[in-house]
Each structure stands twice: as C-alpha cells, then as structure tokens.
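Working notes, beginning with the structure itself.
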Amino acid sequence: MKKLLSLLLTLAVLLSLAACGSGSDEGSLTIEEGKLIMSTNAEFPPYEMKADGEGVFNGFEGIDVEIALALADKLDLELVIDDMGFDSALLAVQEGRSDMVLAGLTYREDRDEVMDFSTSYATGVQVVIVKEGSAVNMDNLGEKMIGCQLGTTGYIYASDSVENGGYGEEHVLGYENGALAVQALLNGQIDAVIIDNGPAQAYVETNAGLSILEGDWVTEEYCLAVDQGNTLLLEKLNSALEELIADGSIQSIIDKYIKD
C-alpha cells in the first residue's frame, strides 16, 4: 500500500511539473475559455470611442473595435471589451486581466520589455492642436504649455528632457484623456495639445476655434500587445491580423473612419 501511495505521489509530481513546463513556454491562449478580452480606453476617436445605443459592439465603435471583432471572429472567440484609463489598459494585460490591449497603442522599446507586440496594422501620426490665430508653432512649442493624454507616447516624448528631444516636465500637463486636454486648450489653460492625427481631426471637427499645425510632430506604428511570453496567443493574433491586412479588411476599416 505504501509503495502504491509513493508511486501515485511521484506520478502526481511529474504531471504537475510537465504542466508547469508547457504553460511557461507558450502561455495560455486566453484568460477565459472561448473569450477574447480586450482592454482599451474608449476616449480616443476614431480608434475607440463610446457610441450612442449599441454602436458597432455593445456601445463601442471605432477602428480598433472593428479590428478586434474581426480578430475574434477569425479565432472563433467571443469579444469582450473592458474600458478603462489608458495606463490601466496597459497594466491589465500585464496583470492577466485582459488578453490584449488594443487602444491606439504605439510600439516603444520600454513597453516591449513588459509586453509582446503584434505586427503593425496602421501608421500613427501625432500632430499639434492649437487655437485658431495662435502664435504657437512647431519652432516655439517648447516655450509653451502643452497638454497630452497621460501614458501616451506624446506625453512621454514631450515631457522628456530637452537633452533627449523633449520639452521638459515643466512644459507639459497630463490629462486622463484627450478630450480633457482639448477642453483645457479651449479654456486657455494650455497653449497646445499633442495627440494622434485621427483623434485630433475629430476634436477639431467638433470644437470650433481649433486648428492643427502644419506638419507631423512624430510618426509611429500602431500595434496590439499581449502579456510578455504569451507566444501562443500572439502567434494566433498575428496570423489573423496578417490575413486581415492581406485581404484589405484592415484598410477598409480604417477608410471607414478616416477620410482622406
């Protein structure tokens, strides 16, 4: 009996080690079986935003929302969208509370240290919003007070030191979302807003008295990201994403929201 018990315990340990080994190599496919949980910040038109009624998906719409739906369909999974602050959306995927972050996210080396990034699906251009008639220009921007969404590359780059190509923290104010930064500009609390071109176009269209400075402030690549080491999910998402790029589906979604 003791020999049998010892044998069973040994087998249990071996099975446990095998299970741990397989999980650490590739990671799990999704947190909840049959679901693809997306963390995002739905304050970033036209990539993700809240919609009147049902919108495209459960009250949300936008480029990233439709891409997420297409990816979930390819993987035969049910999409779940979890809306939160931008920084929280990044943390959610790192802490295992979401499968992927899709939130107008651009690649950065420091982000790549804690998350794994997909193939790029779009090029992001950051621009500068000012009040019409403002004396602010690209050359004197570093002398002004600038508003950015917290956690975004615009905020990170602009608030960096002058030696590193930024304007210094004393010249940058961070806001929870782009809409609050734009409102601060309208109220005269700041002189300019640095934000991606898509949202910038939407904010200028809906707020009289604003304009976008000529020229690109910076150009980046949009990607989705998963928890670092979850290669199984990343491979599946990349495969689906590349198919959607190849057949023109991604470009059709982008063209629906961004008109040349």
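Keep in mind that the numbers below use all heavy atoms, side chains included, and drop hydrogens, waters and symmetry copies.
Here the side chain of Asp83 pairs a donor or acceptor atom with the backbone of Ala42 at under 3.5 angstrom. A donor-acceptor pair under 3.5 Å links the side-chain atoms of Lys131 to the main chain of Leu186, judged by distance alone. Asn187 contributes no side-chain N or O that, together with a main-chain N or O of Gln189, makes up a donor-acceptor pair within less than 3.5 Å. The backbone N or O of Met115 lies less than 3.5 Å from no partner atom in the side chain of Gln94, so there is not a single donor-acceptor pair. Checking side-chain atoms of Tyr257 against main-chain N and O of Gly62 turns up a donor-acceptor pair under 3.5 Å. With hydrogens and angles disregarded, a donor-acceptor distance shorter than 3.5 Å links the side chain of Ser120 to the backbone of Tyr222. With hydrogens and angles ignored, the 3.5 Å screen pairs a side-chain donor or acceptor of Asn238 with a backbone N or O of Thr119. Judged purely by atom type and a 3.5 angstrom limit, Ser159 has no side-chain atom pairing as donor or acceptor with the backbone of Val172.
Counting heavy-atom neighbours within 6.0 Å of Glu242 CD, excluding the residue itself, gives a total above 12.
Under the side-chain contact (heavy atoms from CB on, under 4.5 Å) criterion, Asp76 pairs with no residue, sequence neighbours left out. For the salt bridge (Lys or Arg N to Asp or Glu O under 4.0 Å) test, residues two or more places apart in sequence or in another chain that qualify with Glu43 are Lys50. Glu32 meets the salt bridge (Lys or Arg N to Asp or Glu O under 4.0 Å) test with Lys35; sequence neighbours excluded. For Asp139, there are no side-chain hydrogen bond (donor to acceptor under 3.5 Å, both in side chains) partners at least two apart in sequence or on another chain.
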I'd like a table of donor-acceptor pairs (distance under 3.5 Å, sequence neighbours excluded) in which one partner is a side-chain atom from residues 95-104, with atom names and distances.
residue : atom : partner : partner atom : Å
Glu95   : OE1  : Arg97   : NE           : 3.2
Glu95   : OE1  : Arg97   : NH2          : 2.8
Ser98   : OG   : Ser39   : OG           : 3.0
Ser98   : OG   : Val93   : N            : 3.3
Asp99   : OD1  : Ile31   : N            : 2.7
Asp99   : OD2  : Ile37   : N            : 2.7

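Side-chain N/O atoms of Tyr121 and Asp64 include a donor and acceptor closer than 3.5 Å.
Annotation: the span from Glu235 atom CD to Leu237 atom CG amounts to 10.5 Å, rounded to 0.5 Å.
Both Leu180 and Val127 belong to a single network of hydrophobic side chains, linked directly or stepwise wherever heavy atoms of I, L, V, M, F, W or Y lie under 4.5 Å apart.
Using cut-offs of 30° and 60° on the angle between ring planes, the pair Tyr107 and Phe117 is perpendicular.
Applying the salt bridge (Lys or Arg N to Asp or Glu O under 4.0 Å) rule to pairs touching residues 193-214 yields nothing, sequence neighbours excluded.
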